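What follows is a single structure, written as structure tokens, with notes after it.
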Number of protein chains: 2
Amino acid sequence: MKVLSQNTAFGGMQGVFSHDSQACKTEMTFAVYVPPQAISASCPVLWYLSGLTCTHANVMEKGEYRRMAAELGLIIVCPDTSPRGNDVPDELTNWQMGKGAGFYLDATETPWAENYQMYTYITQELPAFVGQHFRVDMNRQGIFGHSMGGHGAMTIALKNPERFRSCSAFAPIVEPSTADWSVGAFEKYLGADKAAWRQYDACALVKDGARFPEFLIDQGKADNFLENGLRPWLIEDAIKGTGIDLTLRMHERYDHSYYFISSFMDDHLKWHAKRLA
Amino acid sequence: MKVLSQNTAFGGMQGVFSHDSQACKTEMTFAVYVPPQAISASCPVLWYLSGLTCTHANVMEKGEYRRMAAELGLIIVCPDTSPRGNDVPDELTNWQMGKGAGFYLDATETPWAENYQMYTYITQELPAFVGQHFRVDMNRQGIFGHSMGGHGAMTIALKNPERFRSCSAFAPIVEPSTADWSVGAFEKYLGADKAAWRQYDACALVKDGARFPEFLIDQGKADNFLENGLRPWLIEDAIKGTGIDLTLRMHERYDHSYYFISSFMDDHLKWHAKRLA
């Protein structure tokens with residue numbers, strides 16, 4: 001593990017690290033906040049998945065999670081959103097595909113399949129690596145994220161309900177297989193057969209029988225992507241009759257930015273901490 | 001006034017604005033956070049001055065001041081650290097001079113004097129402008145800042161004790177006229193006669209008779225600039241016998257970054273709010 005930076009914050013430590021990823025066949029960077037409680041005991045871990053165009057750094061700098069994580073004793077891990085590096089394929093003029101747009105799936109199509117194995121990376125390789133290097137209680141894991149990362153958190157929770165005790169999202173893409181900004185990427189990563197897309201689509205997963213006990217979703221009503229990209233009403237419909245509990249909060253005047261995320265970050269951390277206690 | 005961006009945050013509004021500055025003879029950008037309380041009443045205003053290399057954006061993105069400002073009902077104004085634009089002189093390879101390094105003084109030397117009038121801008125022009133456009137109670141003003149901005153806050157408070165009710169600083173440059181990273185800039189901005197430098201130096205101002213009731217200073221012990229640039233013990237010495245009250249808190253493990261600033265931001269906002277009530 002390479003240590004890229006370490007800064008004391010709120011009595012704990014905000015670090016940025018990198019390692020060679022087997023799954024993505026490139027060096028991957030991630031951020032970890034370790035609260036002061038980890039000095040004397042293993043702590044629950046909360047995985048934060050970021051949105052399109054982001055790296056590990058955006059939420060680390062703008063998400064305002066450290067104060068409450070320090071209070072609640074949560075380790076926060078913020079992975080990158082895609083593989084990086086000169087040898088990794090990309091579409092330079094398309095922010096919805098390639099670097100910064102991994103969609104937390106395992107690509108099957110050429111040339112993407114070689115590196116874009118974000119599902120395996122996030123669910124297998126990174127947890128094993130973090131578990132080795134940090135004082136994490138792997139029996140107490142939660143997952144959350146924003147936008148594309150909200151999609152990642154919800155699909156990963158639905159596919160791994162035994163592993164995660166809690167899941168929440170800020171403005172998630174709940175049905176990427178039909179959303180404007182993801183259909184193109186899904187086709188390139190996964191091929192034209194839409195049956196293969198369903199395992200990476202929260203609404204389709206629920207319709208196909210996947211279950212998770214409960215979700216918290218915050219969504220701004222002034223979010224430019226609400227109507228064509230996010231559409232939380234689709235997950236509201238999909239869960240009807242399934243027993244899945246959804247707390248969906250729609251907020252006047254809030255947009256898609258980190259100003260929105262940080263405004264409700266405390267609520268999400270408290271939501272998770274309660275379920276990870 | 002040009003509106004560059006507006007985002008809802010913590011029930012209030014974080015905006016970025018620009019205007020044509022008479023003092024600096026160029027367009028100047030600044031950020032304002034307006035808490036929800038300003039809907040129904042004028043609010044106290046807190047001026048935050050940033051450090052070397054920063055614009056208005058660094059503390060806006062990384063300072064984590066909005067949650068507590070919304071709770072306390074404080075308007076937070078974050079100006080830029082220097083004039084900007086193609087016609088403004090600069091030293092491109094020197095981060096301690098020119099753009100991003102205005103040192104909150106009025107330059108007297110060629111070519112800097114034409115635009116680098118940050119003292120006048122911060123103390124006269126910007127307050128008048130903000131007072132026109134925002135619901136500010138100008139009888140309740142506080143000022144704080146980081147590093148070069150801590151220097152700015154302390155010198156401005158010492159020179160205008162009738163205007164500011166409160167002043168605090170994160171890792172301030174308390175004696176810039178003798179600090180490694182400011183001597184060169186002071187000579188270029190103000191000329192070789194060091195008598196002219198004293199009005200922009202907190203320690204010298206105190207020695208020359210300037211007074212402010214009390215300062216709160218937080219300083220990290222792992223700050224790389226502590227020994228040669230910041231040296232808070234100099235202000236501790238300077239205020240002896242003056243009646244100025246100094247709360248100086250030295251923090252193990254904290255560095256010079258925004259991880260340090262954000263960790264103690266709440267304490268500073270509460271310090272000011274109490275005095276601005």
Side-chain angles (χ1 to χ4, degrees), chain A residues 4-16 31-36 39 54 57-71 76 78 170-171 218-224 226 249-270, chain B residues 4-16 31-36 39 54 57-71 76 78 170-171 218-224 226 249-270:
Chain A
L4 303 183
S5 67
Q6 284 189 312
N7 300 85
T8 298
F10 292 95
M13 189 275 298
Q14 177 65 62
V16 180
V32 180
Y33 179 68
V34 180
I39 294 168
C54 290
N58 303 65
V59 73
M60 179 179 80
E61 295 177 348
K62 303 179 188 176
E64 305 192 16
Y65 56 73
R66 281 175 289 272
R67 188 187 58 86
M68 187 55 72
E71 189 175 320
I76 314 282
C78 306
F170 303 97
D218 277 312
Q219 173 64 57
K221 287 191 181 181
D223 186 325
N224 287 332
L226 180 56
R249 308 191 303 182
M250 301 293 293
H251 300 280
E252 298 288 347
R253 299 187 294 123
Y254 282 90
D255 59 26
H256 201 63
S257 70
Y258 282 88
Y259 299 103
F260 157 66
I261 298 171
S262 59
S263 295
F264 298 101
M265 180 58 78
D266 278 9
D267 289 357
H268 284 244
L269 296 183
K270 288 178 191 166
Chain B
L4 303 183
S5 68
Q6 285 190 310
N7 300 86
T8 298
F10 293 96
M13 188 275 297
Q14 177 65 63
V16 180
V32 180
Y33 179 68
V34 180
I39 293 166
C54 291
N58 303 66
V59 72
M60 179 179 81
E61 294 177 350
K62 302 179 187 175
E64 306 193 14
Y65 57 73
R66 281 176 288 274
R67 187 188 58 86
M68 187 54 73
E71 190 176 318
I76 313 283
C78 306
F170 304 97
D218 278 311
Q219 173 65 56
K221 287 191 183 182
D223 187 323
N224 288 331
L226 180 56
R249 309 190 303 183
M250 301 294 293
H251 301 281
E252 299 287 347
R253 298 188 293 123
Y254 282 89
D255 59 26
H256 201 62
S257 69
Y258 282 89
Y259 299 104
F260 158 65
I261 299 172
S262 59
S263 294
F264 298 101
M265 181 59 79
D266 279 9
D267 288 356
H268 284 246
L269 296 183
K270 287 178 192 166

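Note that the coordinates shown come from a computational prediction; the quantities given were computed from them, not determined experimentally. Labels below follow one simple rule: chain letters A, B, ... track the order of the sequence lines, proteins then strands, and each chain is numbered from 1.
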Would you check, one step at a time, whether the test side-chain contact (heavy atoms from CB on, under 4.5 Å) holds for B:Tyr258 with A:Glu61? CA-CA 9 Å; B:Tyr258 282 89; A:Glu61 295 177 348; over 6 Å; no
Measure from the side-chain N and O atoms of A:Tyr259 to the backbone N and O of B:Phe10, and report whether any donor-acceptor pair falls under 3.5 Å. no
Could you look at A:Asn7 and say if it's the side chain, the backbone, both or neither that has a heavy atom under 4.5 Å from chain B? both
Which atoms of A:Ser262 are under 4.5 Å from chain B, going by heavy atoms: the side chain, the backbone, both sets, or neither? both
Just so I understand: if I count every heavy-atom pair under 4.5 Å between each of B:Ala222, B:Ser263, B:Ser257 and chain A, which residue has the most? B:Ser263
Under 4.5 Å from any heavy atom of chain B, what part of A:Gln14 do you find: side chain, backbone, both or neither? side chain
Can you name the ring pair (Phe, Tyr, Trp, His ring centres under 6.0 Å) partners of A:Phe260, sequence neighbours left out? A:Phe264
Pick from A:Met13, A:Met60, A:Lys62, A:Glu64: which one has the most heavy-atom pairs with chain B under 4.5 Å? A:Glu64
Not counting sequence neighbours, which residues clear side chain to side chain contact (heavy atoms under 4.5 Å, CB included) with B:Arg253? List them please. A:Thr8
Between A:Met265 and B:Arg67, does a side-chain contact (heavy atoms from CB on, under 4.5 Å) hold up when you go through it step by step? CA-CA 10 Å; A:Met265 180 58 78; B:Arg67 187 188 58 86; over 6 Å; no
